[in-house]
Visitor: 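I have a structure I would like to understand better, so I am pasting it below and will then ask my questions one at a time.
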Amino acid sequence: GIIKMDLNNNAIFIADSHYNSSRKTLYNLLIYIDKEEDIKQLFLMGDIFDFLSYEIEYFKKVNKDIIELINLMSNSIDIIYFEGNHDFNLKKIFPNITVISRDLQPLYIKNNNTNIALAHGDIFTPLSYNIFTTILRDNYFLRFLNFIDINNFISKYFEKKLKLKVICHQQENYDKFIKNRIKNYGVDLVIEGHFHQGYLSERYINIPSLACDNRYMRYENKQFNFFKV
């Protein structure tokens with residue numbers, strides 16, 4: 001179903017900041033948003049953290065500052081968090097915000113007679129990916145991983161691997177790719193992250209990756225625009 005939901009003037013969209021100890025842009029941007037009194041709505045479009053899940057203690061600990069900041073902001077700002085493929089099972093970490101898990105994406109909203117689909121972007125994917133991502137999000141599997149994570153050796157291994165991963169790239173055949181995305185969603189406008197491309201058109205928006213090019217999106221005067229941090 002489609003929810004009637006107004007996008008607030010000055011609503012902010014942040015995607016793919018892949019926050020970790022060497023990527024701190026997100027923290028500064030959130031501090032700025034928190035100080036701006038006319039920003040009352042914030043969409044976090046997934047992969048906000050390089051990794052975060054309720055079951056894995058280590059990543060909750062190393063991301064403690066930013067988790068606390070988001071929770072503090074949620075007292076005065078309406079925050080909608082679309083879980084990504086790096087951050088999931090978040091409801092208990094962020095009790096005061098609207099968390100949209102992958103199986104509830106896309107979220108369809110109607111704004112000024114425009115039907116908009118919002119998602120992190122890792123949907124309409126092959127069966128093998130769907131199986132993998134379901135296992136990865138499984139509460140028992142993650143709790144087991146956390147249990148055997150003696151001295152955080154598993155977490156630290158993955159943390160190091162994620163930091164070394166090259167996440168910024170230009171996509172090939174982008175026109176064809178966009179046509180397919182629009183066809184999959186079947187609405188007036190698609191807004192998603194995940195692909196790190198920063199593309200803005202009438203029918204399709206790929207929100208820039210904050211980690212890759214220090215940009216986020218703002219909705220003002222019925223227009224979507226990208227801004228540099």
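Start at 1 with the first residue, then count along the sequence.
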Visitor: Between I109 and L118, what is the shortest heavy-atom contact and its length?
Guide: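 The pair with the smallest heavy-atom distance is CD1-CD1, 3.9 Å.
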Visitor: Given N89, which partner from the list E55, E83, R137 fulfils the side-chain hydrogen bond (donor to acceptor under 3.5 Å, both in side chains) test?
Guide: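 When E55, E83, R137 are each tested with N89, the side-chain hydrogen bond (donor to acceptor under 3.5 Å, both in side chains) holds only for E55.
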Visitor: Can you tell if the side chain of F59 reaches within under 4.5 Å of the side chain of I56, non-hydrogen atoms only?
Guide: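 Yes; the side chains approach each other to less than 4.5 Å.
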Visitor: Do any N or O atoms from the side chain of N214 and from the backbone of K228 form a donor-acceptor pair under 3.5 angstrom?
Guide: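 Pair absent, no side-chain N/O of N214 close to backbone of K228.
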Visitor: Taking atom CZ of F94 as the centre, report whether more than 12 heavy atoms of other residues, nucleotides or ligands fall under 6.0 Å from it.
Guide: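 Yes, CZ of F94 has more than 12 neighbouring heavy atoms, counting only those of other groups under 6.0 Å.
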Visitor: Could you tell me whether the side chain of R102 reaches within less than 4.5 Å of the side chain of T125, counting heavy atoms only?
Guide: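 A side-chain contact under 4.5 Å exists here.
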Visitor: Check for me whether the distance between the ring centres of F51 and F88 falls short of 6.0 Å.
Guide: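 When the ring centroids of F51 and F88 are compared, they turn out to be within the sub-6.0 Å range.
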Visitor: Tell me yes or no: between the side chains of N96 and N75, is some donor less than 3.5 Å from an acceptor?
Guide: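 Note: N96 and N75 side chains meet the donor-acceptor criterion.
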Visitor: May I have the step-by-step check of side chain to side chain contact (heavy atoms under 4.5 Å, CB included) for F82 and I80, ending in yes or no?
Guide: CA-CA 7 Å; F82 290 78; I80 301 100; 3.7 Å; yes
Visitor: Is a side-chain donor or acceptor of N115 paired with a backbone partner of K110 at a separation under 3.5 angstrom?
Guide: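 It does not hold such a pair.
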Visitor: Should Y129 and L104 be regarded as members of a common hydrophobic cluster, given that ILVMFWY residues are connected when their side-chain heavy atoms come within less than 4.5 Å of each other, either directly or indirectly?
Guide: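 No, Y129 and L104 fall in different hydrophobic clusters.
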Visitor: With side chains defined as the heavy atoms from C-beta onward, is the minimum distance between P106 and I123 less than 4.5 Å?
Guide: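 Touching, per the 4.5 Å side-chain cut-off.
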Visitor: Indicate, with yes or no, if the rings of F177 and Y174 have centres closer together than 6.0 Å.
Guide: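 Centroid separation for F177 and Y174: below 6.0 Å.
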Visitor: As an exercise, state the distance from CD1 of I116 to OH of Y219, rounded to the nearest 0.5 Å.
Guide: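 Between atom CD1 of I116 and atom OH of Y219 there are 6.5 Å.
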Visitor: Taking all non-hydrogen atoms of both residues, which atom of D213 and which atom of P208 are closest, and how far apart?
Guide: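 The pair with the smallest heavy-atom distance is OD1-CB, 3.5 Å.
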Visitor: Using 0.5 Å steps for rounding, measure from the CG atom of N10 to the CD1 atom of I39.
Guide: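 It is 6.0 Å, given to the nearest 0.5 Å.
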Visitor: Any donor-acceptor pair under 3.5 Å linking the side-chain atoms of D122 with those of H194?
Guide: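 Their side chains do not contain a donor-acceptor pair, so the 3.5 Å distance test is not met.
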Visitor: Is there a side-chain contact between N184 and R181 in this structure, where contact means two heavy atoms from C-beta onward sitting under 4.5 Å apart?
Guide: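 Yes - at least one pair of side-chain heavy atoms lies under 4.5 Å apart.
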Visitor: With a 4.5 Å limit on heavy-atom distance, are the side chains of I182 and V187 in contact?
Guide: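 SC-SC contact between I182 and V187 ruled out.
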Visitor: Same cluster for V99 and I79 if Ile/Leu/Val/Met/Phe/Trp/Tyr side chains link at under 4.5 Å?
Guide: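 Yes, same cluster.
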Visitor: Hydrophobic clustering (ILVMFWY, side-chain heavy atoms < 4.5 Å, transitive) - are F227 and I191 grouped together?
Guide: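 Looking at the clustering, F227 is in a separate group from I191.
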Visitor: Going by side-chain contact (heavy atoms from CB on, under 4.5 Å), L42 matches just one of N8, D78, I12. Which one?
Guide: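 Among N8, D78, I12, the one meeting side-chain contact (heavy atoms from CB on, under 4.5 Å) with L42 is I12.
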Visitor: For residues H86 and D47, report the shortest heavy-atom separation together with the two atoms involved.
Guide: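 Shortest heavy-atom contact: N-OD1, 2.9 Å.
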Visitor: With hydrophobic residues grouped by side-chain heavy-atom distances under 4.5 Å, do L69 and L210 end up in a single group?
Guide: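 Yes: a chain of side-chain contacts under 4.5 Å links L69 to L210.
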Visitor: Which atom names give the shortest non-hydrogen contact between R23 and A211, and what distance separates them?
Guide: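 Taking R23 first and A211 second, the nearest heavy atoms are CD-CB, 3.7 Å.
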Visitor: Contact between K61 and N152 at the side-chain level, heavy atoms closer than 4.5 Å - yes or no?
Guide: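 The answer is yes, as the side chains (C-beta and beyond) meet within the 4.5 Å cut-off.
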Visitor: With the side chain counted from C-beta on, respond yes when V62 and E159 share a heavy-atom pair under 4.5 Å apart, and no when they do not.
Guide: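 When only atoms from C-beta onward are counted, E159 and V62 do touch, with a gap below 4.5 Å.
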Visitor: In Å, rounded to the nearest 0.5 Å, how long is the span from OG of S155 to CG of N146?
Guide: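 Going from OG on S155 over to CG on N146, the span is 7.0 Å.
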Visitor: With no hydrogens and no angle check, is any side-chain donor or acceptor of N111 less than 3.5 Å from a backbone partner on L7?
Guide: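 Side chain of N111 to backbone of L7, a donor-acceptor pair under 3.5 Å: yes, one is there.
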Visitor: Could you state the interatomic distance from CD1 (I70) to CG (D65), rounded to the nearest 0.5 Å?
Guide: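 Separation between the atoms: 11.5 Å.
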Visitor: Between NZ of K156 and CZ of F153, what distance do you get to the nearest 0.5 Å?
Guide: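 It comes to 11.5 Å.
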Visitor: With under 30° as parallel and over 60° as perpendicular, where do the rings of Y199 and Y204 fit, or are they tilted in between?
Guide: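 Judged by the thresholds at 30° and 60°, the geometry between Y199 and Y204 is tilted.
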Visitor: Counting heavy atoms not belonging to K163, are there more than 12 under 6.0 Å from its NZ?
Guide: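 Above 12, so yes.
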Visitor: Does F49 form a side chain to side chain contact (heavy atoms under 4.5 Å, CB included) with I66? I'd like the steps, not just the answer.
Guide: CA-CA 10 Å; F49 294 85; I66 204 125; 3.0 Å; yes
Visitor: Where is the tightest heavy-atom contact between I93 and S53, given as atom of each residue plus distance?
Guide: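 Scanning both residues completely, I find the closest heavy atoms to be CD1-C, 3.9 Å.
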Visitor: Does a donor on one side chain sit under 3.5 Å from an acceptor on the other, for T114 and D188?
Guide: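 No, D188 and T114 have no side-chain donor paired with an acceptor closer than 3.5 Å.
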Visitor: Can you get from F224 to V229 by hopping between Ile, Leu, Val, Met, Phe, Trp and Tyr side chains that sit under 4.5 Å apart?
Guide: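 Each belongs to a different hydrophobic cluster.
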Visitor: Measuring only between side-chain heavy atoms, which start at C-beta, is H120 closer than 4.5 Å to D16?
Guide: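 Counting from C-beta outward, H120 and D16 do come under 4.5 Å.
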Visitor: Around atom CG of N151, are there more than 12 heavy atoms of other residues, nucleotides or ligands at under 6.0 Å?
Guide: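 12 or below, so no.
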Visitor: Test your reading of the model: is there a side-chain donor-acceptor pair from N206 to the backbone of E192, 3.5 Å cut-off?
Guide: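 Yes.
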Visitor: Hydrogens and angles aside, do S101 and K91 bring a side-chain donor and acceptor to less than 3.5 Å of each other?
Guide: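 K91 and S101 do not have a side-chain donor-acceptor pair below 3.5 Å.
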Visitor: Looking only at heavy atoms, which two atoms of G121 and F195 are closest? And how far apart?
Guide: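 Between these two residues, the closest heavy atoms are O-CZ, 3.7 Å.
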Visitor: Counting heavy atoms not belonging to Y157, are there more than 12 under 6.0 Å from its OH?
Guide: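 At most 12 heavy atoms, drawn from other residues, nucleotides or ligands, come within 6.0 Å of this atom.
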Visitor: Using atom types as modelled and distance alone, determine if a side-chain donor or acceptor of D50 lies under 3.5 Å from a backbone N or O of N20.
Guide: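 No, because the side chain of D50 does not come within donor-acceptor range (under 3.5 Å) of the backbone of N20.
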Visitor: Do E57 and K60 sit within salt-bridge range, that is, some charged N less than 4.0 Å from a carboxylate O?
Guide: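 Judged by the 4.0 Å cut-off on N to carboxylate O distance, E57 and K60 do form a salt bridge.
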Visitor: So, does H196 use its side chain to make a donor-acceptor pair with the main chain of I167 at under 3.5 Å?
Guide: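 Indeed, once roles are kept as given, a pair shorter than 3.5 Å links the two residues.
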Visitor: For F13, run the ring pair (Phe, Tyr, Trp, His ring centres under 6.0 Å) check against F43, Y81, Y216 and tell me which one passes.
Guide: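 Going through F43, Y81, Y216 one by one, the ring pair (Phe, Tyr, Trp, His ring centres under 6.0 Å) with F13 is satisfied by F43 alone.
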Visitor: Which value, rounded to the nearest 0.5 Å, describes the distance between E37 atom CD and S76 atom OG?
Guide: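 E37 atom CD to S76 atom OG measures 9.5 Å (nearest 0.5 Å).
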Visitor: Before giving the answer on side chain to side chain contact (heavy atoms under 4.5 Å, CB included), spell out for E36 and Y32 the whole-Å C-alpha distance, their side-chain angles and the decisive distance to 0.1 Å.
Guide: CA-CA 6 Å; E36 287 279 301; Y32 159 75; 3.6 Å; yes
Visitor: Decide yes or no on side chain to side chain contact (heavy atoms under 4.5 Å, CB included) for E202 and L189, but give the supporting numbers first.
Guide: CA-CA 7 Å; E202 288 287 304; L189 174 63; over 6 Å; no
